[in-house]
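Notes to accompany the following structure.
Remember, it's 1-based here, ligands and their atoms both numbered in the order they're listed.
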Amino acid sequence: MPLKICLTVLYDSEEHYIQTFQGEYRDLKCLIADRLFTENFGDCGGMGRCGTCIVEIEGLRASAAALKRNESTTLGRSAQNGQNIRLACQIPVDDSLSNLIIKVIGS
Ligand code: FES
């Protein structure tokens, strides 16, 4: 039985409680785009280059907390910064997201 993952996403002034399981989505960008039908979110398809999938997450643990691949360069070009600012496309959907609150910022 796949591991159930529950998280809360804040988008467009609304709070969305989402349940998924490990393996259903490749990354957090895919999950948010699929479940919330976000507009102009994830334009590069998850390459870590466009900076349109920015989210704010507090409490990421272990390896999920480290910036991946192009993430620091892309975030450096954006107006958003801070230790909890991340690219959703670089965050795998696994147990490290359980019970966290994720705020969609976009670009
Ligand atoms: S989808 Fe383009 S940076 Fe994440």
Side-chain angles (χ1 to χ4, degrees):
M1 181 120 190
L3 179 67
K4 192 161 103 176
I5 301 164
C6 303
L7 52 110
T8 302
V9 177
L10 306 175
Y11 174 63
D12 211 13
S13 305
E14 288 186 27
E15 196 172 293
H16 304 268
Y17 180 72
I18 294 175
Q19 289 185 29
T20 184
F21 56 88
Q22 193 153 351
E24 185 176 23
Y25 294 101
R26 180 188 65 198
D27 58 52
L28 185 58
K29 188 267 307 170
C30 293
L31 182 153
I32 290 171
D34 184 55
R35 297 291 184 93
L36 303 182
F37 307 106
T38 48
E39 290 184 29
N40 304 318
F41 185 79
D43 289 350
C44 74
M47 300 295 290
R49 295 197 177 134
C50 67
T52 62
C53 68
I54 294 175
V55 293
E56 183 174 5
I57 307 178
E58 266 185 59
L60 274 176
R61 300 176 297 273
S63 62
L67 295 180
K68 308 287 186 310
R69 299 191 313 169
N70 303 327
E71 205 169 0
S72 56
T73 304
T74 301
L75 288 173
R77 288 195 314 258
S78 82
Q80 305 294 331
N81 55 40
Q83 70 177 46
N84 297 323
I85 299 296
R86 299 292 302 272
L87 296 177
C89 67
Q90 302 301 303
I91 299 174
V93 175
D94 60 23
D95 190 43
S96 66
L97 293 177
S98 283
N99 303 314
L100 295 186
I101 298 173
I102 295 144
K103 182 178 180 185
V104 175
I105 294 175
S107 53

- ligand 1 contact on Met47 by region, counting heavy-atom pairs under 4.0 Å: neither
- Task: Indicate if Ile18 and Leu10 have the same hydrophobic cluster label, given that clusters are the connected sets of ILVMFWY residues with side-chain heavy-atom separations under 4.5 angstrom.
- Result: no
- Message: Distance under 4.0 Å to a non-hydrogen atom of Gly48: what atoms of ligand 1 satisfy this?
- Response: 3 (S)
- Message: Give the atom numbers and elements of ligand 1 that come within less than 4.0 Å of a heavy atom of Cys89.
- Response: 1 (S), 3 (S), 4 (Fe)
- Item | Given Ile102, Leu36, Ile32, the one that forms side-chain contact (heavy atoms from CB on, under 4.5 Å) with Tyr11 | Leu36
- Message: Within ligand 1, which atoms have a heavy atom of Arg49 less than 4.0 Å away?
- Response: 3 (S)
- Task: Provide the number and element of each atom of ligand 1 under 4.0 Å from a heavy atom of Cys53.
- Result: 1 (S), 3 (S), 4 (Fe)
- Task: Only one of Leu28, Leu7, Ile101 passes side-chain contact (heavy atoms from CB on, under 4.5 Å) with Ile57; say which it is.
- Result: Leu28
- Task: Let me know which of Thr74, Thr73, Leu75 forms a side-chain contact (heavy atoms from CB on, under 4.5 Å) with Glu71.
- Result: Leu75
- Is the number of heavy atoms from other residues, nucleotides or ligands under 6.0 Å of Leu3 CG greater than 12? yes
- Note on the structure: SG (Cys44) to atom 2 (Fe) of ligand 1 to SG (Cys50), nearest 10°, is 110°
- Task: Could you tell me which atoms of ligand 1, counted from 1 in the order shown, lie closer than 4.0 angstrom to a heavy atom of Gly46?
- Result: 1 (S)
- Message: Please tell me whether Asp95 and Ser98 have a donor and an acceptor in their side chains that are separated by less than 3.5 angstrom.
- Response: yes
